[in-house]
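Read through the structure below, which is laid out as structure tokens, and then see the notes.
Note on naming: letters A, B, ... go to the chains in the order of the sequence lines (proteins, then strands), and numbering restarts at 1 for each one.
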Amino acid sequence: MNNAEIARVLDEIAVLLEMQDVEWKPRAYRQAARRLEELSEPVEDVRERGELEAIDGIGDTIAADVRAYLDEGEIERHRELRDRYPVDALALTRVEGVGPKTVKRLYEALGVQDLDQLEAAAVEGRVARVEGFGEATQQRILDHIGLAREGDERELLGKALPLVTGLVDELSQRDAFEAIEPVGSVRRRAPTVGDVDLLARAGDPEAAMDAFTGLDDVDRVFSRGDTRSSIVLGAGLQVDLRVVDADSWGSALVYFTGSKSHNIRLRRRAQDRGWKLNEYGLFADEERLAGGTEAEVYEALDLAEIPPELREDGGEVLAAEASELPDLVTEDDITGDMQMHTEWSDGAGSIREMAEAAAELGHAFILLTDHGPDLRVAGGPEEDDITEIRAEAERAEEATGVRVLVGIEANITTKGGLDISDQACRELDLVVASLHTRAGDATERIAKAIGEHPVDVLAHPTNRRIGWREPNELDLDRLAEVCAEQGVAVEINAQPDRLDLPWRQVHRHREAFDWVVSTDAHSPGQLGRMHLGLAQARKAWLEPEDVLNTRDPEEVVDHLRG
DNA sequence: GCCGTTTTCGGCCCGACTGTTTTCAGTCG
Ligand SMILES: Nc1nc2c(ncn2[C@H]2C[C@H](O)[C@@H](COP(=O)(O)OP(=O)(O)OP(=O)(O)O)O2)c(=O)[nH]1
Ligand SMILES: [Mg+2]
Ligand SMILES: [Mg+2]
Ligand SMILES: [Zn+2]
């Protein structure tokens, strides 16, 4: 997949153009880079179909650039710019406070081309002696160059959320805060977050900022103002806090929840009406038209209130205008959990404990999916253990009132088979199947496995592990056909580093599949992660009817087996 | 460079914080 790679080149072109004071083009290159990153398929496929120019923000020139990169591995415009300024523009601008103009001046004055040379120049005091630079700038570069070397580390949503809860609890206890709300990518429930953004109301904003920048765990303070501050916590997590008045609460929520492109779309809508939208409100000249609540802001723009998960500039503003926003699936709609592991394979809980935890969560049913033979770590169920598992499941059912279905997570082999027999599959209530190895063509293997064997659910289809394993590329149009023929549903896996199938692909193919949202819990506590998968389902615009595990267990089994 | 039920030309979101500026450019959200 070249998408991210090409996006990086376009981003570098943007920086190099900005260094030369070129107007507007950098904006266009950045916009195009974002669109490529967000693509839910390889850019090669779009190119094959001749649809590059159809992507919003990509016109003739950049489409030609993309084709040149795919064919020749290089974009001429990029090479020319690099000849003029042979600098690692992306690495240098990762240093907090260093942008295109700084890169240009340091290159021209000191010949700085990369992070090592930048550090050397700062250590030797040469940066501070450049006209227009000073000691403070030099020190800031030294302070932040380490972070820039690490690259742009993003945190898993599932890891960030508990930290956010802790932070919000801690600050809420301080008198200075009247209200505090997580916003940004956390509120939109993006799979990973670059930082944590918080919005607050405060009786005494000054005291609120003091409390924030004075938190025990603060490693450094990036900036501190009257309305905005930015810190880095010991764990390396950046946290931004914005403080506003009650009058502006709604418009500030809209602003700080984003996404950036959603904001721009709303602001242009305001412009079209001769108004101005910012974090303080919606204004017609000096008159405030809205601002206290989010609903008020959207309403004043003739829009239905858009759920935060949808604010990604993926058509939600148009849908809100037409009153055609989806009735998103909620946690209350969920009736059961269709992937989990017990002590019979690599889980930490007994069947009974899993059922008890499910009862606590209000589930009507669970599907046990211990691993088949290929992934047994220690022991794991043999085929004749099924009788005993069934007996245990029945006892758990009687004790908890939760219907306990007995299934398996079968491994799809490199040849597109399963690691258990078809006969064994049929003796189970349902069969979940998934890939665990990278060999061969993933689409072929999956299509063969679900085409030739009694599979009911395809689990974590791309097998990505965010941060350390790239997703398999899949031909989802082809899989949609096979799944429809065979009555196979597709999983949205709620494990924090999976969230697989990724939401953009779910969104693109939302009409083509039946979906299930599963936790893949390996302990009773992990059954509580349903909300993470559900948030991804919501980001994909799914409604309760789209998700099988919003129905009774009998209906689910009927639908998949019937 | 991209785009278009107000435009094929003329716009492109809008504001906070920092440092070195003596009045604001650069960077970031
Ligand atoms: N209007 C406007 N709003 C912006 C801009 N940049 C950021 N915002 C708003 C929308 C963002 O969601 C919000 C927080 O900014 P962040 O840089 O933290 O982005 P976000 O949290 O969306 O993603 P992240 O996971 O942190 O990379 O601030 C901008 O250039 N213009
Ligand atoms: Mg953020
Ligand atoms: Mg932020
Ligand atoms: Zn497992």
Answer yes or no: does a side-chain N or O of [X] lie under 4.0 Å from OP1 or OP2 of [N]?
X      : N      : answer
A:R77  : B:dG1  : yes
A:R27  : B:dC13 : yes
A:K276 : B:dG15 : yes
A:S223 : B:dA16 : no
A:Q238 : B:dG29 : yes

Look at the side chain of [X] and decide which nucleotide, out of [options], has an atom nearest to it.
X      : options                : answer
A:Y280 : B:dC17, B:dT20, B:dG15 : B:dG15
A:R140 : B:dG29, B:dG19, B:dC14 : B:dG19
A:D272 : B:dG1, B:dT6, B:dG26   : B:dT6
A:A136 : B:dG19, B:dG29, B:dC3  : B:dG19
A:T227 : B:dG1, B:dG26, B:dC17  : B:dC17
A:R228 : B:dG26, B:dC28, B:dC13 : B:dC28
A:Y255 : B:dT20, B:dG15, B:dG29 : B:dG29
A:I264 : B:dT20, B:dC13, B:dC3  : B:dC13
A:T61  : B:dC12, B:dC2, B:dG15  : B:dC2

Should [X] and [Y] count as an ion pair when the cut-off is N to O under 4.0 Å?
X      : Y      : result
A:K25  : A:E18  : no
A:E72  : A:R79  : no
A:R273 : A:D302 : yes
A:E170 : A:R174 : yes

Euclidean distance for [atom1], [N] against [M] (whole angstrom):
N      : M      : atom1 : answer
B:dT22 : B:dT18 : C1'   : 16 Å
B:dC2  : B:dT8  : C1'   : 12 Å
B:dT20 : B:dG15 : P     : 26 Å
B:dA16 : B:dT23 : P     : 22 Å
B:dT21 : B:dC17 : C1'   : 15 Å
B:dC13 : B:dT27 : C1'   : 16 Å
B:dC12 : B:dT7  : C1'   : 13 Å

### Message
Taking A:E181's backbone N and O only, do any of them form a donor-acceptor pair with A:R187's side chain (distance below 3.5 Å, no angle check)?
### Response
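Here the side-chain-to-backbone pair does not exist.
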### Message
Taking A:L241's backbone N and O only, do any of them form a donor-acceptor pair with A:S229's side chain (distance below 3.5 Å, no angle check)?
### Response
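Checked: no pair found.
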Starting at [atom1] of [X] and ending at [atom2] of [N], how long is that distance when rounded to a whole Å?
X      : N      : atom1 : atom2 : answer
A:R269 : B:dG11 : CZ    : P     : 22 Å
A:E279 : B:dA16 : CD    : P     : 6 Å
A:D65  : B:dC2  : CG    : P     : 8 Å
A:E131 : B:dA25 : CD    : C1'   : 14 Å
A:R224 : B:dA16 : CZ    : C1'   : 14 Å
A:F222 : B:dC17 : CZ    : P     : 16 Å
A:R34  : B:dG1  : CZ    : C1'   : 16 Å
A:L241 : B:dC17 : CG    : C1'   : 14 Å

### Watson-Crick or G-U wobble partner of B:dG10, both distances under 3.5 Å
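B:dG10 is paired with B:dC3.
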Using a heavy-atom cut-off of under 4.0 Å over every strand shown, decide if [X] touches base, sugar-phosphate, or nothing.
X      : value
A:I62  : sugar-phosphate
A:R273 : nothing
A:K101 : sugar-phosphate
A:L17  : nothing
A:G258 : nothing
A:R242 : sugar-phosphate
A:L266 : nothing
A:P26  : nothing
A:N263 : nothing
A:Q271 : sugar-phosphate
A:T102 : sugar-phosphate
A:V183 : nothing

### Query
When you measure from the centre of the six-membered ring of A:W515, is the NZ or CZ of A:R510 under 6.0 Å away and within 45° of the axis?
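A:R510 over A:W515 ring: no.
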### Query
What about the rings of A:H144 and A:F222, do their centers lie closer together than 6.0 Å?
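Under 6.0 Å, so yes.
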### Earlier contact from the 5' end, DNA chain B, for A:G225 and A:E135
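Its nearest nucleotide lies further toward 5', so the answer is A:G225.
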### Task
On DNA chain B, check which nucleotide each of A:Q138 and A:I58 is closest to and give me the residue with the more 5' one.
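Nearest-nucleotide comparison on DNA chain B picks A:I58.
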### Message
Does A:E299 have more than 12 heavy atoms from other residues, nucleotides or ligands lying within 6.0 Å of its CD?
### Response
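No.
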### Task
Kindly confirm whether the side-chain ring of A:W24 is stacked on the base of B:dC12, judged by centres under 5.5 Å and planes under 30°.
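Aromatic stack with B:dC12 present for A:W24.
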